Amino acid sequence: MQQGTLMRKVKSKSWKKQRYFKLQDDCMTIWYQSKRTGKTESAFSISDVETVREGHQSEVLQSLAEEFPPERCFTIVFYGRRGNLDLIAGTEEEAQCWVQGLRQLIEVATSMDQRERIDQWIRDWFQKADKNKDGRMNFKEVQRLLKMMNVDMNEDHALRLFQAADKSESGTLEGEEFVLFYKALTEREEVQSLFREFSEDGKKLTLLELVDFLRQEQLEEEGTEELAMELIDKYEPSETARARHALSADGFLMYLCSPEGSIFNPQHRALWQDMTQPLCHYFISSSHNTYLIEDQIRGQSSIEGYIRALKRGCRCLEVDCWDGPNGEPIVYHGHTFTSKIPFREVVSTLGKYAFQASDFPVILSLENHCSMEQQEVLAQQLKDILGEQLLTATTDGRVPTQLPSPEELKHKILLKGKKIGRLEDTLDGPGDEAPDVSDDDNGAEAEEERRRMKKDRESLAQALSDCVVYCKNVSFRGFQEARNHSRPSEISSLSEAKARKLIRDAGNEFVRHNTWQLTRIYPSGMRTDSSNYSPQEMWNAGCQIVALNFQTAGMEMDLCDGLFSQNGHCGYVLKPAFMRDEGTLFNPSDPSTWQGPGPVTLTIQVISGQQLPKVANSKDGAIIDPLVRVEIHGVPADQAHQETKYIENNGEPVVRGPAVPVPALSPTSACSPLPGFNPHWDETLQFQLHVPQLALVRFVVEDYDKTSRNDFVGQFTLAFANIKPGYRHIHLLSKDGTGIPPSSLFVHIRITEPPGPEQD
């Protein structure tokens with residue numbers, strides 16, 4: 001790999017070009033260049049790679065199966081929405097060398113601790129700036145690199161640090177010397193001052209001093225001494241300090257930057273909720289037009305859309321089926337120019353990837369536009385390919401009085417679609433008989449049921465109907481009508497506009513309906529660009545299957561990722577107790593229906609930012625003017641946002657609009673030594689949350705622009721229920737929802753509960 005290999009890069013059946021691939025000396029960067037021009041085309045870091053697939057495991061390589069054997073083919077899959085890299089090696093041995101080598105390097109990259117990641121990140125930058133590849137950089141090159149990294153600083157100060165790091169006194173910095181220089185450059189004064197506040201000698205925190213910090217500031221209440229010991233063992237770099245049960249300033253910073261020092265409660269990252277309640281008691285991660293990876297008119301249909309959604313923990317996928325050639329059904333966005341994929345491939349992909357990220361059930365939402373003949377093929381392919389995974393009968397063989405739980409349906413795939421007759425008819429025997437007219441039914445209703453069954457029989461294959469058990473599609477005819485029939489195994493799909501109207505006109509009825517039956521919401525057909533609506537207003541009404549275009553990044557997908565990043569990323573999040581009670585009075589739009597002693601106060605001191613990236617496609621010398629916006633997404637009364645000042649690249653905070661008059665929690669510097677890159681805001685924002693159980697908090701960093709819209713820098717979103725109080729780091733994500741280490745915000749969080757009756 002380090003010697004370099006000539007391979008074919010493939011984009012389509014006709015686009016196959018020779019490229020020279022080489023692993024750099026740092027064993028973390030791969031670059032490739034054109035064989036014809038010798039020009040370096042691109043480079044990527046191993047930390048950008050999610051996995052390597054062997055053989056014909058992409059649509060492009062499958063289309064070349066007859067030309068190239070699978071042993072020579074492999075696919076490099078990147079995190080986020082970046083396209084895959086399909087490669088064909090000259091020999092089977094070369095392919096194996098790269099596949100195994102890349103897998104080992106990915107393992108190394110994912111097992112790095114915080115310190116190693118930061119060192120590697122610095123080395124990656126060094127590689128980018130070392131133009132002549134001699135492994136050294138003079139002061140001018142270092143200055144140029146700092147500009148690339150978004151650092152604008154005083155030249156004299158930079159030169160002093162450069163000379164201190166140049167241990168060999170050669171007038172240049174080698175890789176490890178540059179790491180030293182960079183660390184001196186980014187010294188965290190605000191963390192040092194916090195460390196000194198709790199350290200008697202200013203050099204270390206004793207075990208008891210660390211326990212005091214964890215109790216007083218981080219509000220860690222249970223097993224604090226054990227936690228302190230664990231943190232020292234895990235994050236203290238010095239063996240001597242570890243032996244003495246002490247934490248140095250370096251170890252303290254390592255802890256604050258670690259998962260335990262994150263704003264996200266690490267216990268909530270794992271599966272922490274009760275998974276034995278009926279399906280309708282959970283919010284379910286759901287995708288719309290899953291097969292599309294672009295827009296709805298000319299976009300590409302791809303099995304990659306299903307793989308990406310399933311790997312993100314998505315549990316409800318959509319498939320649009322149409323008659324295809326040679327009796328094989330196809331999947332695409334009908335009556336548009338989107339490309340087509342065989343239904344068989346979608347089902348095979350589902351079978352392979354359904355339970356890699358989560359053990360809990362997957363719902364396949366079938367939009368069936370096929371003829372009777374090809375519907376038979378759909379049913380056959382579902383059964384043949386999925387086998388035992390496909391649920392074809394109720395869990396206990398009885399008519400359900402409520403939906404089964406995610407726990408009961410583990411490793412099962414449920415088909416959502418039309419069904420002939422009622423579920424009870426199928427359980428009693430073949431659905432040939434017309435429904436009985438019981439005491440509860442009146443003749444007109446029974447007649448309507450008969451008419452519907454006859455119509456369904458004419459357009460729906462029995463074999464496909466039999467595959468639908470707990471998710472029978474029915475038209476929504478009002479809450480009263482649904483209640484009269486009371487069939488938990490039925491589900492209605494509503495457009496975003498229809499759902500909004502129901503929330504506005506009958507908010508409480510909608511919440512009650514969703515305590516016993518599933519509801520699916522989908523984007524308006526006018527969203528041809530695959531844009532999204534805000535899922536929050538639908539979650540506020542208890543809607544479980546809120547389908548979004550996963551291929552489109554933005555605030556709406558940030559909220560979706562934020563809600564489902566908890567509970568083991570399993571795609572199911574338990575609704576609050578008041579949304580699971582059939583007699584609930586809760587109405588998201590009516591504050592008089594909310595129970596509880598009063599609003600919770602969320603106080604956020606935005607202290608500083610670390611290693612903020614430059615805005616994509618910005619000019620070489622441009623330095624960002626960062627600001628932080630905190631947004632609350634929840635019931636209408638809780639919707640709010642506040643911003644800090646922006647920091648100009650001269651380091652002075654610039655006020656825009658009135659600041660919130662809340663005292664700072666600790667005295668730290670009011671201007672930034674490294675504006676843009678390591679800015680200091682020291683501003684306090686405060687919010688009142690009336691229904692915190694439904695609230696999501698989104699932190700956004702933007703580059704202020706006085707003449708046009710601010711540019712996005714990074715964001716992080718999480719449910720209020722997952723926030724840890726105290727001094728915390730927020731590890732920022734890109735527009736795609738992938739990490740941009742080591743970019744972060746440093747904040748202090750305080751949550752004040754309203755006084756209970758006994759405190760009044």
Side-chain angles (χ1 to χ4, degrees), residues 217-219 263-265 268 283 503-504 507-508 511 534-542 555 558-559 562-563 566 573 575-579 584-607 627-645 655-666 681-701 715-728 730 745 747-760:
E217 293 296 349
Q218 309 300 74
L219 304 189
I263 189 171
F264 199 113
N265 185 339
H268 288 193
F283 296 122
I503 293 167
R504 197 170 55 243
N508 175 246
V511 174
S534 169
Q536 185 68 48
E537 55 188 330
M538 311 306 170
W539 293 329
N540 289 343
M555 177 268 289
D558 293 345
L559 296 180
L563 178 67
Q566 62 180 311
V573 169
K575 295 199 278 188
F578 58 81
M579 300 189 100
T584 184
L585 300 174
F586 179 77
N587 179 346
S589 310
D590 181 0
S592 69
T593 66
W594 306 339
Q595 294 168 336
V600 166
T601 303
L602 172 64
T603 307
I604 301 167
Q605 185 194 357
V606 181
I607 302 169
L627 62 84
V628 178
R629 184 172 64 254
V630 179
E631 303 167 355
I632 306 294
H633 297 263
V635 295
D638 287 348
Q639 291 279 136
H641 69 267
Q642 290 176 31
E643 287 178 358
T644 65
K645 303 179 281 285
V655 184
R656 291 164 56 240
V660 183
V662 180
L665 300 171
S666 72
W681 291 279
D682 275 317
E683 283 190 64
T684 304
L685 313 175
Q686 198 169 72
F687 301 92
Q688 303 286 311
L689 304 181
H690 300 82
V691 187
Q693 300 93 324
L694 285 172
L696 288 168
V697 185
R698 181 171 182 251
F699 295 83
V700 191
V701 181
Q715 69 82 32
F716 187 79
T717 307
L718 75 168
F720 173 81
N722 298 324
I723 290 179
K724 288 278 278 183
Y727 285 96
R728 301 287 169 187
I730 297 167
L745 295 175
V747 298
H748 184 279
I749 303 284
R750 191 169 60 212
I751 295 166
T752 315
E753 301 282 347
E758 70 283 352
Q759 294 168 270
D760 287 348

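Small disclaimer: the values here were computed from a predicted structure and weren't measured. No hydrogens, no waters, no symmetry mates; every other heavy atom, side chains included, goes into these values.
Pro754 and Gly598 make their closest contact through CG-O, 3.3 Å (heavy atoms, listed as atom of the first residue, atom of the second, distance). Residues Pro725 and Leu219 come closest through the heavy atom pair CG-CD1, 3.8 Å. The two residues Pro636 and Asn540 come nearest to each other via the heavy atoms CD-ND2, 4.3 Å. The shortest non-hydrogen separation linking Pro588 to Val511 is CD-CG2, 3.9 Å. Residues Gly542 and Met579 share a closest heavy-atom pair of N-CE, 3.3 Å. In this structure, Val747 and Ile607 approach most closely via the heavy-atom pair C-CD1, 4.0 Å.
The line from CD1 of Ile503 to CD of Glu537 is 5.5 Å long, rounded to the nearest 0.5 Å. A distance of 11.0 Å separates CG in Asn722 from NZ in Lys724, rounded to the nearest 0.5 Å. In this structure, CH2 on Trp681 lies 12.0 Å from CD on Glu643, to the nearest 0.5 angstrom. Rounded to the nearest 0.5 angstrom, Leu696 CG and Thr717 OG1 are separated by 7.5 Å. For the atom pair NE2 of His748 and CD1 of Ile263, the computed distance is 11.5 Å after rounding to the nearest 0.5 Å. A distance of 5.0 Å separates CD1 in Ile632 from CG in Leu689, rounded to the nearest 0.5 Å.
Aromatic ring orientation, Trp594 versus His690: tilted (interplanar angle from 30° to 60°). By the 30° and 60° cut-offs, the orientation of the rings of Trp539 relative to Phe283 is tilted.
At least one side-chain heavy atom of Phe578 sits under 4.5 Å from a side-chain heavy atom of Val691. Residues Gln218 and Arg728 are in side-chain contact: their nearest non-hydrogen atoms beyond the backbone lie under 4.5 Å apart. A heavy-atom distance below 4.5 Å is found between the side chains of Phe687 and Ile604. Phe264 is listed as a side-chain neighbour of Gln566, based on a closest heavy-atom distance under 4.5 Å. The side-chain heavy atoms of Gln639 and His633, taken from C-beta on, include a pair separated by under 4.5 Å. A heavy-atom distance below 4.5 Å is found between the side chains of Ile723 and Leu718. Using a 4.5 Å heavy-atom threshold, the side chains of Gln686 and Thr684 count as separate. Using a 4.5 Å cut-off on side-chain heavy atoms (C-beta onward), Leu563 and Gln536 make no contact.
A side-chain donor-acceptor contact under 3.5 Å links Asn508 to the backbone of Phe586.
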**Verdict with reasoning, Phe720 to Ile751, per side chain to side chain contact (heavy atoms under 4.5 Å, CB included)** = CA-CA 10 Å; Phe720 173 81; Ile751 295 166; 3.8 Å; yes
